[in-house]
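Structure, as structure tokens:
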Number of protein chains: 2
Amino acid sequence: MLNDRQKMILRMIVDDYVLTAEPVGSRSISKRPDLGLSAATIRNEMADLEELGFLEQPHASAGRVPSQQGYRYYVDHLLATDSNLSTDDLSMIKSLFTEKIDEMERIAQQTAVVLSGMTQYTSVVLGPQVYDTRLRSLQIISLSEHSAVVIVVTSSGQVHNRTVTFPDGISMAEVNRLVTIVNERLQGTPMYKLRSRMLEEIMREVSRNVDDYEEAIRMLDQITPAFGADEEAKVYLGGTTNMLLQPEFQDIHKAQHVLSWLEHHERVVEALKAVPRDRVFGEIPSIRIGGENQVDPLQDCTLITSTYHVAGVPVGVIGIVGPTRMEYARVIPLLRHVSKGLSEIYSKFYKGS
Amino acid sequence: MLNDRQKMILRMIVDDYVLTAEPVGSRSISKRPDLGLSAATIRNEMADLEELGFLEQPHASAGRVPSQQGYRYYVDHLLATDSNLSTDDLSMIKSLFTEKIDEMERIAQQTAVVLSGMTQYTSVVLGPQVYDTRLRSLQIISLSEHSAVVIVVTSSGQVHNRTVTFPDGISMAEVNRLVTIVNERLQGTPMYKLRSRMLEEIMREVSRNVDDYEEAIRMLDQITPAFGADEEAKVYLGGTTNMLLQPEFQDIHKAQHVLSWLEHHERVVEALKAVPRDRVFGEIPSIRIGGENQVDPLQDCTLITSTYHVAGVPVGVIGIVGPTRMEYARVIPLLRHVSKGLSEIYSKFYKGS
DNA sequence: CATTAGCACTCGACGGTGGTGAGTGCTAAC
DNA sequence: GTTAGCACTCACCACCGTCGAGTGCTAATG
């Protein structure tokens, strides 16, 4: 589609623009020593590239700026596929992963901080999601006569809890009996099946002992959210205000648009989960440039995400949000590297499942 | 210090400026029907008020703007002390508190969302802090041969957990024995004493059974953070991007300054906790205007906070961050009302302690 | 003596104007 | 195919005058 020289020029323009955020003129390209062409020649090529849709002109006498399609071609064909992280970057990542980690959630949070710190973009980390976890243990600990804490531990070591209040008809003793039954019979039940399995067990018990089984079901409904099946995975953001550093977001309203989108975590989760099928497995980053994001506030942004895995199963996503003028050459290998590292770390935790 | 007319004029200026964010001219004040004075008279009074330090002039031919001292006088002397929330506001608050709350943490989060939504400012909620909680139960649930989840439930129904890995020398059986001992002997121990009490118990056991007690202590250190004693209380922010709506933060750098401060939760906690002694008890809001905040990024902001309580003990803080040009007359009773409501809600939960 | 009308003055906001320079497109020559 | 030359475009900036809101001061007024 493009000849070699056009490719080279396109790459130079993108590289230059990513660095300076200023439209790139023909002269500045022709001055590069590695290709001995005059500005006029470059101009001709630029005009062609514009006609083909890879470049845009902010106004008639300005230089050229990569179009969305230009960035797309750049990441698809002009980027070295082998990762080439700087030693600085590598050591930063290394120190992230060798840090002592006391709580699983902290890893995700710390990853967000480090990613945004390294890139000057906003980072997004979708904490490890409950994909195929099973019940390890159900605990219930009474607080007062009519309330208790229900604790669910999954095979992956995640802990969920809910405070529940008992209806008058139900005593602590009855609850305890149910808990014992659950622990005896339902250990290893996949979390998404837990509610229906518990219902079965309650029914069986009810036919023998409990008077008011409607109350029992009502209580079960209180507990259910703790099973985490329908619970949104947690998002950790890092460097949201980095957005304001980017020249393309000097306009307050544009910035507000993106920032308030980031504030609504559920929308961010949704965007992060919309990963193309072919990028779900393996730590190959998915790149969505500008309009490729279905989300309106991200029309001027690029979202690069990478999935991390445990035993081949995708459990979470890390990502970078920045202007379309993104340092692709650095961010892509960075995300690949970090998600690979996360996969390893979490695999240690999840071994028990 | 100020005569009645000066007070009235100052109040009018503050009210006007809070509403419009435009410097207030003498004419617009004189046009008010309730005091029949000409613009010239107002000008004279304004000049006096400026000399006394209550007003400022952005430039020679502009109207007047309240100074920090002006706001201070306004909140101290010119504000009706009896709360007068609009029925709209009251019903908003009511629906917040009657909402079904399944998890304690959600209350705090939801409060942040509602506060920022109602005010167009940024809201800050310091989740209920562990002040005088005791150990209710310690659970340990094994994940794999060498790792387990430690769960601590406090008398207030809060659940903390940590994943720990055992050193080779220690077996699950030994750990279980320790847990049983702790549950038998240490229930009701104040959380802050828990570590030392556990140490005692371990020592006692060690002298009889366990070989390597250094390992036991190392493990204890892994668990300790879960006791929550030294753990920072969680902060929930609402409407951080509301900051960008305020005319005083149209300047990106100013906005960035404040927003990045808000991003560092530990600093926010510190600021929230620095409540004047006389405002710790009772739900009387504390108001820090501009420079009264020791924190640099808040020099142009007002932080209004209100403490909420359980059984007379302060357990958390809610607050609003906005420009010094804040709707004091609305925000102050609002916070008072909401913190009172939170006190009631949490009191129900904490009853068990 | 407090109040007020009148007036000169100040200063930011706004809009128009011309110069500058970076960058382009086109053409003709190599 | 490449390039030098040239006319052209257009954002940016500095400058300038106008406008109007608002002030401070002074002198007149009840």
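The sequence lines fix the lettering, A, B, ..., with proteins before strands; numbering per chain opens at 1. Just so it is clear, the values below take in all heavy atoms, side chains as well, and ignore hydrogens, waters and symmetry mates.
Taking atom CD1 on B:I42 and atom C1' on C:dA5, their separation rounds to 15 Å, with Å as the unit. Summarising the geometry, the separation between CD1 on B:I9 and C1' on C:dT3 is reported as 12 Å, rounded to the nearest angstrom. Rounded to a whole Å, the CD atom of A:E45 is 10 Å from the C1' atom of D:dG1. Spacing between atom CD of B:Q6 and atom P of C:dT3 amounts to 11 Å, rounded to whole angstrom units.
B:N293 contributes a side-chain N or O that, together with a main-chain N or O of B:G290, makes up a donor-acceptor pair within less than 3.5 Å. B:E22 contributes no side-chain N or O that, together with a main-chain N or O of B:Y17, makes up a donor-acceptor pair within less than 3.5 Å. In this structure, the side chain of B:S123 engages the main chain of B:A112 through a donor-acceptor pair within 3.5 Å.
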Protein-nucleotides 14-19 of chain C N/O pairs under 3.5 Å:
none

All N/O contacts under 3.5 Å from nucleotides 27-30 of chain D to the protein, with atom names and distances to one decimal?
none

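Every residue meeting the salt bridge (Lys or Arg N to Asp or Glu O under 4.0 Å) condition with A:E327, not counting sequence neighbours, appears here in chain and number order: A:R330. For A:N3, the side chain to side chain contact (heavy atoms under 4.5 Å, CB included) test picks out A:R5, A:Q6, with sequence neighbours left out.
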- [ ] Could you encode protein contacts along nucleotides 23-29 of chain C as a string, one character per nucleotide from 5' to 3', using B for base contact, S for sugar-phosphate-only contact and - for no contact, with a heavy-atom cut-off of under 4.0 Å?
- [x] SBB----
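Between B:R64 and B:E50, at least one side-chain nitrogen of the basic residue sits less than 4.0 Å from a carboxylate oxygen of the acidic one, meeting the salt-bridge criterion.
Of the N and O atoms on the side chains of B:T241 and A:E263, at least one donor lies less than 3.5 Å from an acceptor on the other residue. Between the side chains of B:R279 and B:S286, not a single donor N or O lies within less than 3.5 Å of an accepting N or O.
Residue pairs meeting the salt bridge (charged side-chain N to carboxylate O under 4.0 Å, His left out) criterion with at least one member in residues 286-300 of chain B, sequence neighbours excluded, are B:R72-B:E292, B:K254-B:D300.
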Task: Candidate pair A:F54 and A:Y71, rule ring-ring contact (aromatic ring centres under 6.0 Å, His included), full reasoning - done: CA-CA 8 Å; A:F54 295 102; A:Y71 286 123; over 10 Å; no
